[in-house]
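This report refers to the structure that appears directly beneath it.
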There are 2 protein chains.
Amino acid sequence: MAPRKLNAADPAPASVKRQHKADARAASSHPPARPRPLTRIQKEKQDIILEAALEVFSLHGFRGATIDQIATQAGMSKPNLLYYFPKKEEIHRRLISALLDTWLAPLRDFDESGDPFTEIRSYIRRKLEMARDFPRESRLFANEMLQGAPRIAEMIEVDLKALVDEKAKVLLTWMDQGRLSRADPYHLIFSIWATTQHYADFDVQVRAVLGKGRNGEGRFEDAARYLEQLFMHGLTPKPRVGV
Amino acid sequence: MAPRKLNAADPAPASVKRQHKADARAASSHPPARPRPLTRIQKEKQDIILEAALEVFSLHGFRGATIDQIATQAGMSKPNLLYYFPKKEEIHRRLISALLDTWLAPLRDFDESGDPFTEIRSYIRRKLEMARDFPRESRLFANEMLQGAPRIAEMIEVDLKALVDEKAKVLLTWMDQGRLSRADPYHLIFSIWATTQHYADFDVQVRAVLGKGRNGEGRFEDAARYLEQLFMHGLTPKPRVGV
DNA sequence: CTAACATTTTTCCAACTGGTCAAAATTTCC
DNA sequence: GGAAATTTTGACCAGTTGGAAAAATGTTAG
(Lines give C-alpha, C1' and ligand atoms only; values in the text may rest on other atoms or scores of the structure.)
Protein backbone atom coordinates (compact mmCIF):
# COMPACT_ATOMS: atom_id res chain seq x y z
CA MET A 1 0.00 0.00 0.00
CA ALA A 2 2.97 2.30 0.43
CA PRO A 3 5.32 1.69 -2.46
CA ARG A 4 8.72 3.26 -2.51
CA LYS A 5 8.77 6.85 -3.59
CA LEU A 6 9.92 7.72 -7.06
CA ASN A 7 10.75 11.11 -5.77
CA ALA A 8 9.85 12.45 -2.40
CA ALA A 9 8.86 15.92 -3.40
CA ASP A 10 6.69 16.68 -0.42
CA PRO A 11 9.02 16.44 2.57
CA ALA A 12 7.02 18.80 4.75
CA PRO A 13 9.23 21.86 5.27
CA ALA A 14 7.77 23.52 2.23
CA SER A 15 4.18 22.94 3.18
CA VAL A 16 4.57 23.90 6.80
CA LYS A 17 6.44 27.09 6.22
CA ARG A 18 3.67 29.18 7.67
CA GLN A 19 1.26 26.58 8.84
CA HIS A 20 -1.65 27.56 11.08
CA LYS A 21 -0.63 27.96 14.66
CA ALA A 22 -0.60 24.20 14.96
CA ASP A 23 3.16 23.94 14.90
CA ALA A 24 3.70 25.88 18.09
CA ARG A 25 2.08 22.94 19.78
CA ALA A 26 3.98 20.71 22.26
CA ALA A 27 6.95 23.00 22.14
CA SER A 28 6.79 26.65 23.01
CA SER A 29 9.36 28.71 21.18
CA HIS A 30 11.75 26.63 19.11
CA PRO A 31 12.74 28.47 15.96
CA PRO A 32 11.32 26.13 13.31
CA ALA A 33 10.97 23.23 15.78
CA ARG A 34 9.03 19.99 15.53
CA PRO A 35 7.20 20.72 12.29
CA ARG A 36 3.98 18.82 12.75
CA PRO A 37 2.51 15.83 14.50
CA LEU A 38 -0.50 16.27 12.20
CA THR A 39 -3.78 15.46 13.90
CA ARG A 40 -5.96 12.62 12.72
CA ILE A 41 -8.65 15.15 11.93
CA GLN A 42 -6.23 17.17 9.84
CA LYS A 43 -5.26 14.10 7.90
CA GLU A 44 -8.88 13.31 7.25
CA LYS A 45 -9.74 16.74 6.00
CA GLN A 46 -6.66 16.84 3.84
CA ASP A 47 -7.71 13.56 2.27
CA ILE A 48 -11.18 14.88 1.60
CA ILE A 49 -9.67 17.94 -0.04
CA LEU A 50 -7.22 15.94 -2.10
CA GLU A 51 -9.99 13.68 -3.26
CA ALA A 52 -12.09 16.66 -4.30
CA ALA A 53 -9.14 18.34 -5.93
CA LEU A 54 -8.35 15.22 -7.94
CA GLU A 55 -11.84 15.31 -9.31
CA VAL A 56 -11.64 18.94 -10.30
CA PHE A 57 -8.04 19.14 -11.49
CA SER A 58 -8.32 16.01 -13.58
CA LEU A 59 -11.27 17.51 -15.36
CA HIS A 60 -10.14 21.09 -15.87
CA GLY A 61 -6.38 21.09 -15.51
CA PHE A 62 -4.52 23.26 -13.05
CA ARG A 63 -5.43 26.66 -14.41
CA GLY A 64 -8.94 25.69 -15.30
CA ALA A 65 -9.75 24.52 -11.80
CA THR A 66 -10.78 26.96 -9.10
CA ILE A 67 -10.36 26.71 -5.37
CA ASP A 68 -14.04 27.39 -5.02
CA GLN A 69 -14.92 24.39 -7.13
CA ILE A 70 -12.64 22.19 -5.10
CA ALA A 71 -14.01 23.56 -1.84
CA THR A 72 -17.58 22.97 -2.93
CA GLN A 73 -16.73 19.47 -4.07
CA ALA A 74 -15.11 18.87 -0.69
CA GLY A 75 -18.13 20.27 1.09
CA MET A 76 -16.40 23.16 2.79
CA SER A 77 -15.87 26.86 2.41
CA LYS A 78 -12.99 28.27 0.40
CA PRO A 79 -11.22 29.90 3.36
CA ASN A 80 -11.65 26.70 5.29
CA LEU A 81 -9.96 24.76 2.56
CA LEU A 82 -7.20 27.33 2.43
CA TYR A 83 -6.67 26.71 6.10
CA TYR A 84 -5.46 23.22 5.26
CA PHE A 85 -3.71 24.03 2.00
CA PRO A 86 -2.58 27.65 1.99
CA LYS A 87 -1.80 27.49 -1.72
CA LYS A 88 -3.63 26.08 -4.69
CA GLU A 89 -0.34 24.87 -6.07
CA GLU A 90 0.31 22.92 -2.91
CA ILE A 91 -2.76 20.79 -3.47
CA HIS A 92 -1.75 20.10 -7.02
CA ARG A 93 1.81 19.27 -6.08
CA ARG A 94 0.65 16.82 -3.48
CA LEU A 95 -1.64 15.10 -5.93
CA ILE A 96 0.99 14.85 -8.61
CA SER A 97 3.69 13.43 -6.44
CA ALA A 98 1.36 10.92 -4.84
CA LEU A 99 0.26 9.99 -8.31
CA LEU A 100 3.66 9.44 -9.85
CA ASP A 101 4.41 7.11 -7.06
CA THR A 102 1.62 4.66 -7.68
CA TRP A 103 1.52 5.30 -11.36
CA LEU A 104 4.89 3.81 -12.06
CA ALA A 105 4.64 0.94 -9.63
CA PRO A 106 3.67 -1.54 -12.34
CA LEU A 107 6.71 -0.71 -14.39
CA ARG A 108 8.95 -1.01 -11.37
CA ASP A 109 7.70 -4.52 -10.83
CA PHE A 110 8.77 -5.53 -14.29
CA ASP A 111 10.92 -8.50 -13.43
CA GLU A 112 14.02 -9.42 -15.40
CA SER A 113 14.03 -12.96 -14.11
CA GLY A 114 10.49 -13.63 -15.24
CA ASP A 115 9.19 -14.81 -18.57
CA PRO A 116 9.07 -11.97 -21.13
CA PHE A 117 5.55 -12.62 -22.25
CA THR A 118 4.21 -13.19 -18.79
CA GLU A 119 5.78 -9.97 -17.66
CA ILE A 120 4.53 -7.93 -20.57
CA ARG A 121 1.08 -9.43 -20.37
CA SER A 122 0.72 -8.69 -16.71
CA TYR A 123 2.13 -5.22 -17.18
CA ILE A 124 -0.55 -4.51 -19.75
CA ARG A 125 -3.19 -5.95 -17.44
CA ARG A 126 -2.11 -3.85 -14.55
CA LYS A 127 -1.91 -0.65 -16.55
CA LEU A 128 -5.34 -1.34 -17.94
CA GLU A 129 -6.72 -1.97 -14.48
CA MET A 130 -5.32 1.33 -13.38
CA ALA A 131 -6.94 3.09 -16.30
CA ARG A 132 -10.19 1.51 -15.24
CA ASP A 133 -9.89 2.05 -11.50
CA PHE A 134 -8.07 5.37 -11.42
CA PRO A 135 -9.11 7.28 -14.49
CA ARG A 136 -8.88 10.61 -12.71
CA GLU A 137 -5.28 10.04 -11.82
CA SER A 138 -4.57 9.17 -15.40
CA ARG A 139 -6.24 12.33 -16.61
CA LEU A 140 -4.45 14.45 -14.09
CA PHE A 141 -1.21 13.09 -15.42
CA ALA A 142 -2.28 13.57 -19.01
CA ASN A 143 -3.28 17.14 -18.30
CA GLU A 144 0.13 17.81 -16.87
CA MET A 145 1.83 16.28 -19.90
CA LEU A 146 -0.29 18.23 -22.34
CA GLN A 147 0.78 21.42 -20.67
CA GLY A 148 4.41 20.54 -21.06
CA ALA A 149 4.79 19.06 -17.58
CA PRO A 150 5.98 22.37 -16.10
CA ARG A 151 5.62 21.11 -12.57
CA ILE A 152 7.22 17.72 -12.97
CA ALA A 153 9.77 18.25 -15.68
CA GLU A 154 12.65 17.29 -13.50
CA MET A 155 10.91 14.25 -12.17
CA ILE A 156 10.34 12.74 -15.58
CA GLU A 157 13.73 13.77 -16.89
CA VAL A 158 15.55 12.14 -14.02
CA ASP A 159 13.58 9.50 -12.17
CA LEU A 160 11.26 8.35 -14.91
CA LYS A 161 14.02 8.27 -17.49
CA ALA A 162 16.22 6.22 -15.18
CA LEU A 163 13.46 3.73 -14.59
CA VAL A 164 12.65 3.37 -18.25
CA ASP A 165 16.31 3.08 -19.16
CA GLU A 166 16.60 0.25 -16.71
CA LYS A 167 13.60 -1.60 -18.02
CA ALA A 168 14.58 -0.99 -21.61
CA LYS A 169 17.79 -2.77 -20.83
CA VAL A 170 15.84 -5.73 -19.53
CA LEU A 171 13.80 -5.85 -22.70
CA LEU A 172 16.96 -5.69 -24.78
CA THR A 173 18.41 -8.61 -22.89
CA TRP A 174 15.33 -10.66 -23.62
CA MET A 175 15.57 -9.73 -27.26
CA ASP A 176 19.22 -10.70 -27.37
CA GLN A 177 18.28 -14.04 -25.97
CA GLY A 178 15.75 -14.47 -28.74
CA ARG A 179 12.91 -14.63 -26.28
CA LEU A 180 11.29 -11.52 -27.64
CA SER A 181 11.00 -10.08 -31.10
CA ARG A 182 13.62 -7.43 -31.68
CA ALA A 183 12.09 -3.97 -31.46
CA ASP A 184 12.86 -0.60 -30.00
CA PRO A 185 12.29 -1.12 -26.27
CA TYR A 186 11.50 2.53 -25.62
CA HIS A 187 8.79 2.68 -28.21
CA LEU A 188 7.54 -0.63 -26.97
CA ILE A 189 7.02 0.87 -23.55
CA PHE A 190 5.46 3.99 -25.05
CA SER A 191 2.99 1.90 -26.97
CA ILE A 192 1.88 0.09 -23.83
CA TRP A 193 1.46 3.36 -21.99
CA ALA A 194 -0.45 4.90 -24.84
CA THR A 195 -2.83 2.04 -25.50
CA THR A 196 -3.73 1.47 -21.88
CA GLN A 197 -4.01 5.05 -20.71
CA HIS A 198 -6.12 5.79 -23.74
CA TYR A 199 -9.03 4.07 -22.03
CA ALA A 200 -8.90 6.53 -19.17
CA ASP A 201 -7.92 9.71 -20.96
CA PHE A 202 -10.18 9.32 -23.98
CA ASP A 203 -12.92 7.57 -22.11
CA VAL A 204 -15.65 9.78 -23.56
CA GLN A 205 -14.54 9.01 -27.06
CA VAL A 206 -14.25 5.29 -26.41
CA ARG A 207 -17.73 5.19 -24.93
CA ALA A 208 -19.19 7.26 -27.72
CA VAL A 209 -17.68 5.10 -30.42
CA LEU A 210 -18.50 1.79 -28.81
CA GLY A 211 -22.06 2.95 -28.40
CA LYS A 212 -24.54 2.32 -25.65
CA GLY A 213 -24.51 -1.42 -26.00
CA ARG A 214 -20.91 -2.01 -25.06
CA ASN A 215 -20.30 0.27 -22.13
CA GLY A 216 -20.22 -1.95 -19.07
CA GLU A 217 -16.95 -3.08 -17.58
CA GLY A 218 -16.86 -5.43 -20.53
CA ARG A 219 -15.19 -2.66 -22.40
CA PHE A 220 -12.01 -3.20 -20.44
CA GLU A 221 -12.12 -6.94 -20.81
CA ASP A 222 -12.36 -6.56 -24.56
CA ALA A 223 -9.51 -4.11 -24.53
CA ALA A 224 -7.38 -6.45 -22.47
CA ARG A 225 -8.05 -9.32 -24.81
CA TYR A 226 -7.29 -7.25 -27.84
CA LEU A 227 -4.13 -5.68 -26.47
CA GLU A 228 -2.80 -8.99 -25.27
CA GLN A 229 -3.29 -10.45 -28.68
CA LEU A 230 -1.70 -7.46 -30.38
CA PHE A 231 1.37 -7.40 -28.22
CA MET A 232 1.78 -11.13 -27.86
CA HIS A 233 1.58 -11.73 -31.59
CA GLY A 234 3.35 -8.53 -32.41
CA LEU A 235 6.33 -9.38 -30.28
CA THR A 236 6.61 -13.10 -30.82
CA PRO A 237 10.02 -13.74 -32.30
CA LYS A 238 9.96 -15.40 -35.68
CA PRO A 239 12.71 -16.20 -38.15
CA ARG A 240 10.99 -14.05 -40.74
CA VAL A 241 7.54 -13.33 -42.04
CA GLY A 242 6.81 -14.39 -45.58
CA VAL A 243 5.86 -11.32 -47.54
CA MET B 1 -6.83 20.67 -49.51
CA ALA B 2 -10.48 21.05 -48.62
CA PRO B 3 -11.73 17.68 -47.47
CA ARG B 4 -15.40 17.10 -46.98
CA LYS B 5 -16.73 18.35 -43.72
CA LEU B 6 -17.39 15.86 -40.96
CA ASN B 7 -19.81 18.29 -39.50
CA ALA B 8 -20.27 21.84 -40.58
CA ALA B 9 -20.60 23.44 -37.19
CA ASP B 10 -19.73 26.95 -38.25
CA PRO B 11 -22.40 27.93 -40.74
CA ALA B 12 -22.06 31.68 -40.22
CA PRO B 13 -25.36 32.81 -38.72
CA ALA B 14 -24.02 32.28 -35.25
CA SER B 15 -20.78 34.10 -35.80
CA VAL B 16 -22.26 37.03 -37.62
CA LYS B 17 -25.12 37.68 -35.30
CA ARG B 18 -23.76 41.01 -34.23
CA GLN B 19 -20.73 41.40 -36.37
CA HIS B 20 -19.00 44.77 -36.51
CA LYS B 21 -20.82 47.16 -38.72
CA ALA B 22 -19.39 45.30 -41.68
CA ASP B 23 -22.63 43.59 -42.53
CA ALA B 24 -24.52 46.74 -43.31
CA ARG B 25 -22.22 47.03 -46.28
CA ALA B 26 -23.42 46.60 -49.87
CA ALA B 27 -27.03 46.42 -48.76
CA SER B 28 -28.74 49.02 -46.68
CA SER B 29 -31.55 47.61 -44.65
CA HIS B 30 -32.30 44.00 -45.38
CA PRO B 31 -33.37 42.22 -42.22
CA PRO B 32 -30.55 39.68 -41.82
CA ALA B 33 -29.40 40.19 -45.41
CA ARG B 34 -26.20 39.16 -47.16
CA PRO B 35 -24.33 37.96 -44.09
CA ARG B 36 -20.72 38.64 -45.04
CA PRO B 37 -18.48 39.23 -48.00
CA LEU B 38 -15.55 39.01 -45.51
CA THR B 39 -12.61 41.16 -46.51
CA ARG B 40 -9.24 39.70 -47.34
CA ILE B 41 -7.80 41.60 -44.41
CA GLN B 42 -10.42 40.19 -42.11
CA LYS B 43 -9.60 36.71 -43.23
CA GLU B 44 -5.92 37.35 -42.60
CA LYS B 45 -6.40 38.68 -39.12
CA GLN B 46 -8.75 35.88 -38.27
CA ASP B 47 -6.14 33.40 -39.35
CA ILE B 48 -3.51 35.07 -37.21
CA ILE B 49 -5.85 34.92 -34.26
CA LEU B 50 -6.79 31.31 -34.84
CA GLU B 51 -3.14 30.41 -35.12
CA ALA B 52 -2.37 32.15 -31.85
CA ALA B 53 -5.40 30.66 -30.18
CA LEU B 54 -4.38 27.19 -31.26
CA GLU B 55 -1.07 27.70 -29.54
CA VAL B 56 -2.64 28.87 -26.32
CA PHE B 57 -5.68 26.62 -26.16
CA SER B 58 -3.67 23.51 -26.95
CA LEU B 59 -1.40 24.29 -24.06
CA HIS B 60 -3.85 25.40 -21.41
CA GLY B 61 -7.23 24.08 -22.44
CA PHE B 62 -10.29 26.25 -22.88
CA ARG B 63 -10.70 27.49 -19.35
CA GLY B 64 -7.01 27.81 -18.72
CA ALA B 65 -6.43 30.04 -21.72
CA THR B 66 -7.09 33.76 -21.53
CA ILE B 67 -8.05 36.16 -24.27
CA ASP B 68 -5.15 38.33 -23.23
CA GLN B 69 -2.69 35.51 -23.80
CA ILE B 70 -4.14 34.84 -27.21
CA ALA B 71 -4.11 38.52 -28.10
CA THR B 72 -0.50 38.89 -27.03
CA GLN B 73 0.46 35.79 -28.97
CA ALA B 74 -1.33 37.22 -31.98
CA GLY B 75 0.42 40.54 -31.54
CA MET B 76 -2.65 42.65 -30.98
CA SER B 77 -4.67 44.17 -28.18
CA LYS B 78 -7.47 42.33 -26.48
CA PRO B 79 -10.25 44.64 -27.66
CA ASN B 80 -8.84 44.40 -31.15
CA LEU B 81 -9.00 40.65 -31.05
CA LEU B 82 -12.53 40.84 -29.70
CA TYR B 83 -13.42 42.94 -32.69
CA TYR B 84 -12.83 39.90 -34.88
CA PHE B 85 -14.13 37.26 -32.51
CA PRO B 86 -16.69 38.74 -30.14
CA LYS B 87 -16.62 35.62 -27.96
CA LYS B 88 -13.85 33.46 -26.63
CA GLU B 89 -15.97 30.41 -27.27
CA GLU B 90 -16.30 31.38 -30.89
CA ILE B 91 -12.56 31.08 -31.40
CA HIS B 92 -12.50 27.72 -29.76
CA ARG B 93 -15.45 26.44 -31.71
CA ARG B 94 -13.83 27.46 -34.95
CA LEU B 95 -10.63 25.70 -34.08
CA ILE B 96 -12.33 22.53 -33.01
CA SER B 97 -14.50 22.18 -36.05
CA ALA B 98 -11.68 22.92 -38.43
CA LEU B 99 -9.63 20.37 -36.55
CA LEU B 100 -12.08 17.50 -36.62
CA ASP B 101 -12.30 17.91 -40.30
CA THR B 102 -8.66 17.29 -41.08
CA TRP B 103 -8.12 15.05 -38.13
CA LEU B 104 -10.30 12.28 -39.42
CA ALA B 105 -9.33 12.55 -43.05
CA PRO B 106 -6.86 9.66 -42.81
CA LEU B 107 -9.49 7.33 -41.45
CA ARG B 108 -11.93 8.35 -44.14
CA ASP B 109 -9.41 7.35 -46.75
CA PHE B 110 -9.24 3.86 -45.38
CA ASP B 111 -10.04 1.90 -48.51
CA GLU B 112 -11.96 -1.35 -48.48
CA SER B 113 -10.70 -2.36 -51.88
CA GLY B 114 -7.06 -2.00 -50.90
CA ASP B 115 -4.75 -4.48 -49.25
CA PRO B 116 -5.36 -4.70 -45.48
CA PHE B 117 -1.75 -4.34 -44.50
CA THR B 118 -1.01 -1.60 -46.94
CA GLU B 119 -4.03 0.31 -45.70
CA ILE B 120 -3.21 -0.13 -42.05
CA ARG B 121 0.42 0.67 -42.55
CA SER B 122 -0.30 3.86 -44.40
CA TYR B 123 -2.95 4.82 -41.90
CA ILE B 124 -0.39 4.51 -39.13
CA ARG B 125 2.10 6.52 -41.16
CA ARG B 126 -0.35 9.29 -41.81
CA LYS B 127 -1.49 9.52 -38.24
CA LEU B 128 2.09 9.63 -37.11
CA GLU B 129 2.88 12.36 -39.59
CA MET B 130 0.00 14.34 -38.25
CA ALA B 131 1.25 13.91 -34.71
CA ARG B 132 4.58 15.21 -35.90
CA ASP B 133 3.34 18.06 -38.05
CA PHE B 134 0.29 19.15 -36.10
CA PRO B 135 1.00 18.44 -32.46
CA ARG B 136 -0.98 21.42 -31.30
CA GLU B 137 -4.10 20.22 -33.04
CA SER B 138 -3.63 16.87 -31.42
CA ARG B 139 -3.30 18.44 -28.01
CA LEU B 140 -6.29 20.67 -28.53
CA PHE B 141 -8.27 17.57 -29.28
CA ALA B 142 -6.82 15.71 -26.33
CA ASN B 143 -7.64 18.61 -24.04
CA GLU B 144 -11.21 18.52 -25.18
CA MET B 145 -11.42 14.79 -24.62
CA LEU B 146 -9.92 14.99 -21.16
CA GLN B 147 -12.56 17.48 -20.19
CA GLY B 148 -15.29 15.17 -21.29
CA ALA B 149 -15.70 16.69 -24.75
CA PRO B 150 -18.45 19.05 -23.60
CA ARG B 151 -18.28 21.05 -26.79
CA ILE B 152 -18.17 18.21 -29.28
CA ALA B 153 -20.11 15.45 -27.60
CA GLU B 154 -22.66 15.24 -30.33
CA MET B 155 -20.07 15.31 -33.04
CA ILE B 156 -18.25 12.26 -31.75
CA GLU B 157 -21.41 10.43 -30.81
CA VAL B 158 -22.87 10.80 -34.25
CA ASP B 159 -20.37 11.53 -36.99
CA LEU B 160 -17.29 9.94 -35.51
CA LYS B 161 -19.16 6.87 -34.40
CA ALA B 162 -20.68 6.44 -37.83
CA LEU B 163 -17.28 6.70 -39.48
CA VAL B 164 -15.69 4.21 -37.12
CA ASP B 165 -18.60 1.82 -37.46
CA GLU B 166 -18.15 1.91 -41.18
CA LYS B 167 -14.44 1.24 -41.03
CA ALA B 168 -14.84 -1.42 -38.38
CA LYS B 169 -17.06 -3.23 -40.83
CA VAL B 170 -14.33 -3.06 -43.43
CA LEU B 171 -11.85 -4.53 -41.00
CA LEU B 172 -14.27 -7.31 -40.12
CA THR B 173 -14.68 -8.14 -43.76
CA TRP B 174 -10.94 -8.48 -44.13
CA MET B 175 -10.82 -10.68 -41.09
CA ASP B 176 -13.59 -12.88 -42.42
CA GLN B 177 -11.60 -13.30 -45.58
CA GLY B 178 -8.65 -14.43 -43.51
CA ARG B 179 -6.57 -11.52 -44.72
CA LEU B 180 -6.22 -10.10 -41.26
CA SER B 181 -5.90 -11.68 -37.86
CA ARG B 182 -9.22 -11.78 -36.09
CA ALA B 183 -9.39 -9.04 -33.47
CA ASP B 184 -11.82 -6.48 -32.18
CA PRO B 185 -11.84 -3.83 -34.92
CA TYR B 186 -12.84 -1.02 -32.58
CA HIS B 187 -10.01 -1.63 -30.21
CA LEU B 188 -7.73 -2.02 -33.18
CA ILE B 189 -8.60 1.47 -34.27
CA PHE B 190 -8.29 2.79 -30.72
CA SER B 191 -4.82 1.34 -30.44
CA ILE B 192 -3.69 3.07 -33.60
CA TRP B 193 -5.10 6.37 -32.42
CA ALA B 194 -3.51 5.97 -29.02
CA THR B 195 -0.06 4.98 -30.15
CA THR B 196 0.26 7.64 -32.79
CA GLN B 197 -1.27 10.57 -30.95
CA HIS B 198 0.86 9.71 -27.98
CA TYR B 199 3.82 11.24 -29.77
CA ALA B 200 2.07 14.59 -29.93
CA ASP B 201 0.19 14.61 -26.65
CA PHE B 202 2.95 13.20 -24.47
CA ASP B 203 5.75 14.78 -26.42
CA VAL B 204 7.49 16.12 -23.33
CA GLN B 205 7.56 12.72 -21.78
CA VAL B 206 8.76 11.03 -24.93
CA ARG B 207 11.57 13.53 -25.30
CA ALA B 208 12.54 13.29 -21.66
CA VAL B 209 12.67 9.52 -21.70
CA LEU B 210 14.50 9.21 -24.99
CA GLY B 211 17.06 11.68 -23.73
CA LYS B 212 18.94 14.37 -25.51
CA GLY B 213 20.61 12.04 -27.97
CA ARG B 214 17.48 10.86 -29.73
CA ASN B 215 15.38 13.94 -30.18
CA GLY B 216 15.65 14.90 -33.84
CA GLU B 217 12.95 13.92 -36.29
CA GLY B 218 14.51 10.48 -36.01
CA ARG B 219 12.19 9.95 -33.09
CA PHE B 220 9.26 9.70 -35.45
CA GLU B 221 11.05 7.42 -37.87
CA ASP B 222 11.84 5.04 -35.03
CA ALA B 223 8.28 5.18 -33.86
CA ALA B 224 7.00 4.47 -37.34
CA ARG B 225 9.30 1.49 -37.71
CA TYR B 226 8.34 0.12 -34.35
CA LEU B 227 4.61 0.59 -34.77
CA GLU B 228 4.61 -0.91 -38.21
CA GLN B 229 6.36 -3.95 -36.90
CA LEU B 230 4.02 -4.23 -33.93
CA PHE B 231 0.86 -3.96 -35.94
CA MET B 232 2.03 -5.93 -38.94
CA HIS B 233 3.20 -8.84 -36.84
CA GLY B 234 0.43 -8.45 -34.35
CA LEU B 235 -2.24 -8.66 -36.99
CA THR B 236 -0.77 -11.21 -39.35
CA PRO B 237 -3.20 -14.09 -39.51
CA LYS B 238 -1.77 -17.42 -38.39
CA PRO B 239 -3.41 -20.79 -37.85
CA ARG B 240 -2.35 -20.72 -34.23
CA VAL B 241 0.60 -19.75 -32.13
CA GLY B 242 2.40 -22.44 -30.22
CA VAL B 243 2.30 -21.67 -26.51
C1' DC C 1 -15.28 25.75 34.22
C1' DT C 2 -11.82 27.71 31.61
C1' DA C 3 -7.57 28.67 29.27
C1' DA C 4 -5.20 27.23 25.18
C1' DC C 5 -5.53 25.55 21.07
C1' DA C 6 -7.93 24.03 16.68
C1' DT C 7 -11.34 24.89 13.29
C1' DT C 8 -14.71 27.45 10.76
C1' DT C 9 -17.06 31.44 9.09
C1' DT C 10 -17.47 36.34 7.71
C1' DT C 11 -15.68 40.01 5.54
C1' DC C 12 -12.69 41.90 2.53
C1' DC C 13 -9.22 42.77 -1.21
C1' DA C 14 -6.24 43.29 -5.15
C1' DA C 15 -5.41 41.15 -9.44
C1' DC C 16 -7.34 39.07 -13.30
C1' DT C 17 -11.09 37.78 -16.34
C1' DG C 18 -14.24 38.26 -20.41
C1' DG C 19 -16.27 41.85 -22.48
C1' DT C 20 -18.16 46.92 -23.69
C1' DC C 21 -17.88 51.45 -25.65
C1' DA C 22 -16.67 55.56 -27.66
C1' DA C 23 -13.06 57.98 -29.52
C1' DA C 24 -9.04 57.96 -32.42
C1' DA C 25 -6.38 56.25 -36.28
C1' DT C 26 -6.36 54.16 -40.51
C1' DT C 27 -7.93 52.39 -44.87
C1' DT C 28 -11.08 52.40 -48.79
C1' DC C 29 -13.56 54.22 -52.38
C1' DC C 30 -15.24 57.90 -55.13
C1' DG D 1 -8.71 65.19 -51.34
C1' DG D 2 -12.30 63.83 -48.45
C1' DA D 3 -16.41 61.28 -46.79
C1' DA D 4 -17.55 56.86 -45.33
C1' DA D 5 -16.34 52.70 -43.67
C1' DT D 6 -13.08 49.89 -41.26
C1' DT D 7 -9.68 48.91 -37.83
C1' DT D 8 -7.26 49.98 -33.57
C1' DT D 9 -6.77 51.88 -29.10
C1' DG D 10 -7.61 53.42 -24.27
C1' DA D 11 -10.57 53.68 -20.53
C1' DC D 12 -13.64 51.21 -18.17
C1' DC D 13 -16.77 47.52 -15.89
C1' DA D 14 -18.84 43.80 -13.49
C1' DG D 15 -17.85 39.20 -12.09
C1' DT D 16 -14.44 35.89 -10.69
C1' DT D 17 -10.23 34.32 -8.61
C1' DG D 18 -6.59 33.32 -5.21
C1' DG D 19 -5.81 34.64 -0.91
C1' DA D 20 -5.46 37.51 3.82
C1' DA D 21 -7.33 38.92 8.41
C1' DA D 22 -9.75 38.43 12.07
C1' DA D 23 -13.53 37.39 14.54
C1' DA D 24 -16.42 33.52 16.00
C1' DT D 25 -17.01 28.92 17.20
C1' DG D 26 -15.71 24.57 18.66
C1' DT D 27 -12.66 21.17 21.34
C1' DT D 28 -9.83 19.49 24.89
C1' DA D 29 -6.84 19.09 28.89
C1' DG D 30 -6.25 20.56 33.40
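Chain identifiers are assigned alphabetically (A, B, ...) following the order of the sequence lines, protein sequences preceding nucleic acid strands; residue numbering begins at 1 within each chain. Atom set for the values below is all heavy atoms of this structure, side chains included, hydrogens, waters and symmetry mates excluded.
- The NE2-P distance, from His60(B) to dC16(C), rounds to 15 Å in whole Å.
- Contact check for His92(A) versus Glu144(A): side-chain heavy atoms found under the 4.5 Å cut-off.
- Taking the side chain as every heavy atom from C-beta outward, Lys161(B) and Asp165(B) approach each other to under 4.5 Å.
- Going from atom OH of Tyr84(B) over to atom P of dG19(C) covers 18 Å, rounded to whole Å.
- One can place NE2 of His92(A) at 14 Å from P of dG19(D), the figure rounded to the nearest angstrom.
- Taking atom CD of Glu44(B) as the reference point, atom P of dT8(D) lies 11 Å away to the nearest angstrom.
- Rounded to whole Å, atom P of dT7(C) lies 13 Å from atom CZ of Phe85(A).
- Under the 4.5 Å side-chain criterion, counting only non-hydrogen atoms from C-beta, Asp203(A) is in contact with Arg219(A).
- Across the helix from dC1(C)-dG30(D) to dC30(C)-dG1(D), the helix axis at one end is tilted relative to the axis at the other end by 10° (nearest 10 degrees, each axis from five pairs).
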Under-3.5 Å N/O pairs linking protein and nucleotides 16-18 of chain D:
| unit_1 | atom_1 | unit_2 | atom_2 | d |
| --- | --- | --- | --- | --- |
| dT17(D) | OP1 | Arg63(B) | NH2 | 3.4 |
| dG18(D) | OP1 | Ala65(A) | O | 3.3 |
| dG18(D) | OP1 | Ile67(A) | N | 3.4 |
| dG18(D) | OP1 | Lys88(A) | NZ | 3.1 |
| dG18(D) | OP2 | Ile67(A) | N | 2.9 |
| dG18(D) | N7 | Lys78(A) | NZ | 2.8 |

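- As a whole-Å value, the separation of Glu90(A) CD from dG19(D) P is 11 Å.
- Both the sub-6.0 Å distance and the 45° axial angle are not jointly satisfied by Lys45(A) relative to the ring of Tyr83(A).
- For Gln46(B) and dT7(D), the CD to P distance is 10 Å, given to the nearest whole Å.
- Figure legend: Arg94(B) and Phe85(B) shown without cation-pi pairing, the cationic atom not lying both under 6.0 angstrom from the six-membered ring centre and within 45 degrees of its axis.
- Checking the phosphate oxygens (OP1, OP2) of dT7(D), a side-chain nitrogen or oxygen of Gln42(B) falls inside 4.0 Å.
- Dashed line: the shortest gap from a side-chain N or O of Ser77(A) to OP1 or OP2 of dT8(C) is not under 4.0 Å.
- Ion pairing of Glu51(B) with Arg136(B) is present here, as a side-chain N (NZ or NE/NH1/NH2) and a carboxylate O approach within less than 4.0 Å.
- In this entry the distance linking OH of Tyr83(B) with P of dG10(D) reads 17 Å, nearest Å.
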Result block: side-chain N/O donor-acceptor pairs under 3.5 angstrom for residues 124-134 of chain A, not counting sequence neighbours:
| unit_1 | atom_1 | unit_2 | atom_2 | d |
| --- | --- | --- | --- | --- |
| Arg125(A) | NE | Glu228(A) | OE2 | 3.0 |
| Arg125(A) | NH2 | Glu228(A) | OE2 | 3.2 |
| Arg126(A) | NH1 | Asp109(A) | OD2 | 2.7 |

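- Between dT8(D), dT7(D), dT8(C), one nucleotide has an atom nearer to the side chain of Lys45(B) than all others, and that is dT8(D).
- Under the 4.5 Å side-chain criterion, counting only non-hydrogen atoms from C-beta, Phe190(B) is not in contact with Thr195(A).
- In this structure, Asn80(B) does not reach the dT7(D) phosphate: none of its side-chain N or O atoms is under 4.0 Å from OP1 or OP2.
- Figure legend: Lys167(B) and Tyr186(B) shown without cation-pi pairing, the cationic atom not lying both under 6.0 angstrom from the six-membered ring centre and within 45 degrees of its axis.
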